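In what follows, a single structure is set out as structure tokens and then discussed.
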Amino acid sequence: MIDIKAFRENPARFVQGAKDKGMNVDFPRLTALDEQRRNILTELEHKRAEQNRLGKESGPQIGKLKGQLKAMAEQDRGAIQQQLTALEATPIRLKNEVAVLERMLSDVEPAWAELLLTVPQPPATDVPKGAGSDDNIEIRRWNPTGFDAAKPFATNRGFKPRTHQELVRSLRLVDFERGVKMSGTRHYVLTGMGMRLHQAVIRYALDFMADQRGFQPMGIPVIVREECMIGTGFFPAGREQAYHLEESKRGNSHDLFLTGTGEVGLMGLHAEEILSLDALPLKYVTASTCFRREAGAAGKDTAGLYRIHQFDKVEQVVVCRADDAESRTWHKTMLESVEMILQSLELPYRLLQCCTGDLGVKNEDMIDVECWMPGRGDSTADGVPSGAYGETHSASRLGDFQCRRLNLRYKDEGGRPTFAYALNNTVVASPRIMIPLLEIHQNADGSVTIPAPLRKHMGGIERIEPG
RNA sequence: GGACAGAUGGCCGAGCGGUUGAAGGCGUCGGUUUGCUAAACCGAUGUAGGGGCUUAUACCCCUACCGCGGGUUCGAAUCCCGCUCUGUCCGCCA
């Protein structure tokens with residue numbers, strides 16, 4: 001959520017920000033509602049102040065007179081009753097006026113709040129402008145020794161690559177048919193060494209973050225209340241992306257939602273809290289199952305492990321002081337962890353600075369990491385895929401957008417409660433990462449070499465052999 | 001699933017329908033005293049919104065907040081209704 005005060009002072013910044021992100025927000029309506037709301041509020045507060053003043057002045061008198069009235073004989077009550085009526089006239093008038101204003105407020109307030117939630121965080125000033133992912137700017141590439149992703153796989157390795165779909169079938173790592181039988185399209189079953197490879201990479205990433213990078217490992221709920229989804233900025237915009245458990249229809253108090261990323265659980269942890277300065281920065285890492293409906297992605301990446309409804313992800317999150325420079329430093333540090341892991345797995349990758357049009361509602365700066373996947377891309381004349389980079393990671397800086405919604409604050413040096421800044425970044429998401437893992441490390445004989453760091457999590461084997 | 005009990009500030013814990021943003025205690029911060037520490041004493045110590053003043057802090061004023069939402073009343077932490085949450089006991093259970 002944006003700061004409404006910042007919006008009043010400089011609406012142009014938010015209007016431009018939404019425009020650069022390619023998002024439509026009814027700003028004139030927001031301005032109008034905000035003004036109405038403020039005017040009503042001001043008047044209401046004046047009336048209430050008057051009420052309070054009278055309550056102290058004439059209130060006790062009224063009470064005394066009412067007491068006298070009770071103790072009196074019928075015929076003597078007239079004079080006192082008159083006094084009472086006079087004393088009560090103004091408070092009763094105020095009461096009615098307040099009621100009218102309150103009704104007016106309840107007309108504008110909900111619409112105002114709802115609209116405010118839809119205003120996106122403006123992109124950081126140095127984020128390149130652009131319409132969509134085609135305008136993202138490559139920052140750098142990395143290749144393992146002996147492999148150059150700029151050249152075809154066959155040139156690098158001396159044989160034609162199999163796609164991950166072919167590999168998981170011949171190596172019996174994934175059973176798509178039974179996955180679909182049980183749960184429908186975009187579902188799958190990990191089998192045998194497929195499950196072990198999946199577990200190995202998740203476990204390796206979590207351990208790496210905990211042991212080498214000082215992040216606190218957490219196990220968090222993946223079933224959460226709506227407040228968590230709104231607080232982390234996934235709702236209302238992404239409502240269609242989340243699985244919805246309609247518990248209220250079964251007589252329970254709250255509906256629940258399956259989270260699409262561990263970020264929701266990690267950020268929800270300290271919602272509604274005021275942290276002490278020395279508690280920061282929070283550095284959390286979690287491994288959690290993620291659920292995505294992939295609404296609106298019909299027909300896209302339908303085959304294979306690329307786009308699926310359920311997967312596991314190791315996610316890192318940092319909550320730090322409201323300081324732009326500090327947030328940028330953490331952004332680099334988090335990405336460095338990702339690069340260390342990808343390099344240790346010997347996967348070619350590149351970093352992309354996302355342009356304004358590719359940002360979401362909640363982030364002001366985002367860098368995507370794409371791994372080279374030999375089985376992706378258009379097929380060449382001989383029917384072999386050309387290979388292409390595919391997104392495997394995403395690292396976002398959110399400013400205070402998320403913490404503002406979550407009401408997550410800390411006491412700054414001067415003791416003032418301040419909304420913290422938040423960042424999040426994929427450490428590794430599997431099975432998607434298994435695509436480059438299998439495709440890059442495949443051998444001419446159809447086997448796949450397991451990168452050294454994963455072997456101890458796979459019973460010590462070095463290769464997955466066909467058959 | 002059944003039966004009870006409860007929800008008040010950073011924490012514990014009082015609170016008659018009006019003078020209670022809320023006693024008392026603890027904690028924290030500042031000060032005094034003191035070889036140091038400790039103790040003692042004095043003072044301060046919630047959040048949000050709006051306004052004033054200001055270059056900006058500071059400061060001043062107003063409003064709201066005693067789980068949440070309604071209601072009664074001239075006036076609600078206090079009375080009434082609904083909801084949520086927490087705890088305890090019993091049952092069931094991976």
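Since the structure is predicted, the reported quantities are computational estimates derived from the model, not experimental observations. Letters A, B, ... are given to chains in the order of the sequence lines, protein chains preceding strands, and every chain is numbered from 1.
- Under the Watson-Crick or G-U wobble criterion, with both distances below 3.5 Å, rG43(B) is paired with rC29(B).
- Residue contacts shown for Lys5(A) are limited to sugar-phosphate atoms, with no base heavy atom under 4.0 Å away.
- For the pair Val285(A)/Met218(A), no side-chain contact is recorded, criterion being any heavy-atom separation below 4.5 Å from C-beta on.
- Of the candidate nucleotides rC74(B), rG50(B), rU47(B), rC74(B) has the atom nearest to the side chain of Lys95(A).
- Around the CZ atom of Arg172(A), the shell of radius 6.0 Å holds no more than 12 heavy atoms that belong to other residues, nucleotides or ligands.
- Base pairing annotation: rA3(B) forms a Watson-Crick or G-U wobble pair with rU88(B), both donor-acceptor distances under 3.5 Å.
- Looking at which nucleotide of RNA chain B each of Ile92(A) and Lys411(A) is closest to, the 5′-most match is held by Lys411(A).
- Pair check for rA94(B) finds none; no Watson-Crick or G-U wobble contact set falls under 3.5 Å.
- Here Arg416(A) does not reach the OP1 or OP2 of rG46(B): none of its side-chain N or O atoms lies under 4.0 Å away.
- Taking the six-membered ring for Trp and the full ring otherwise, the centers of Phe234(A) and Phe257(A) sit at least 6.0 Å from each other.
- Nucleotide rG18(B): paired with rC74(B) (Watson-Crick or G-U wobble, both distances less than 3.5 Å).
- Summarising the base pairing, rA23(B) is matched to no nucleotide, lacking a Watson-Crick or G-U wobble pair whose two defining distances lie under 3.5 Å.
- The CG-P distance, from Asn407(A) to rG49(B), rounds to 10 Å in whole Å.
- For the ring pair (Phe, Tyr, Trp, His ring centres under 6.0 Å) test, no residue two or more places apart in sequence or in another chain qualifies with His46(A).
- Base pairing annotation: rA56(B) forms no Watson-Crick or G-U wobble pair, as no partner gives both donor-acceptor distances under 3.5 Å.
- Atom name P, nucleotides rC26(B) and rU34(B): the rounded distance is 25 Å, in whole Å.
- For the pair Arg213(A) and Phe215(A), the cation-pi test (distance below 6.0 Å, angle within 45°) is failed.
- Nucleotide rC83(B) forms a pair with rG67(B), judged by Watson-Crick or G-U wobble geometry with both contacts under 3.5 Å.
- Using C1' as the reference atom, rC61(B) and rU73(B) are 29 Å apart when rounded to the nearest Å.
- Within 4.0 Å of Arg404(A), counting heavy atoms only, lies no atom of the nucleic acid at all.
- Per the geometry, CD belonging to Glu272(A) stands 12 Å off P belonging to rC68(B), to the nearest Å.
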Side-chain atoms of residues 275-283 of chain A: list all donor-acceptor pairs with protein atoms under 3.5 Å, sequence neighbours left out, distances to 0.1 Å.
unit_1, atom_1, unit_2, atom_2, d
Ser276(A), OG, Asp278(A), OD1, 2.6

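- If you take CG of Leu41(A) and P of rA48(B), they are 16 Å apart, rounded to a whole angstrom.
- Considering only heavy atoms from C-beta on, Thr31(A) comes within 4.5 Å of Phe7(A) through its side chain.
- Side-chain contact check for Val174(A) versus Pro431(A): every heavy-atom pair is 4.5 Å or farther apart.
- Separating the CE atom of Met1(A) from the P atom of rG49(B) is a distance of 10 Å, rounded to the nearest angstrom.
- Between Glu43(A) and Arg48(A) there is no salt bridge, since none of the side-chain N atoms of the basic residue sits less than 4.0 Å from a carboxylate O of the acidic one.
- For the P atoms, the distance linking rC42(B) with rG50(B) amounts to 39 Å, nearest Å.
- Nucleotides rA77(B) and rC66(B) place their P atoms 7 Å apart, quoted to the nearest Å.
- Using a 4.0 Å heavy-atom distance criterion, Arg225(A) is classed as a sugar-phosphate-only contact.
- Going from atom CD of Glu273(A) over to atom C1' of rU47(B) covers 15 Å, rounded to whole Å.
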Could you run down the sub-3.5 Å N/O contacts of the protein with nucleotides 63-67 of chain B?
unit_1, atom_1, unit_2, atom_2, d
rU63(B), OP1, Asn52(A), ND2, 2.9
rA64(B), OP2, Asn52(A), ND2, 3.3

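- Comparing rA58(B), rG50(B), rU84(B) by their closest approach to the side chain of His254(A) singles out rU84(B).
- Atom P of nucleotide rC74(B) and atom CD of Gln51(A) are separated by 12 Å, given to the nearest angstrom.
- Rounded to whole Å, the C1' atom of rU63(B) lies 26 Å from the corresponding atom of rC80(B).
- Regarding contacts with the backbone of rG51(B), a side-chain N or O of Arg38(A) is found under 4.0 angstrom from either OP1 or OP2.
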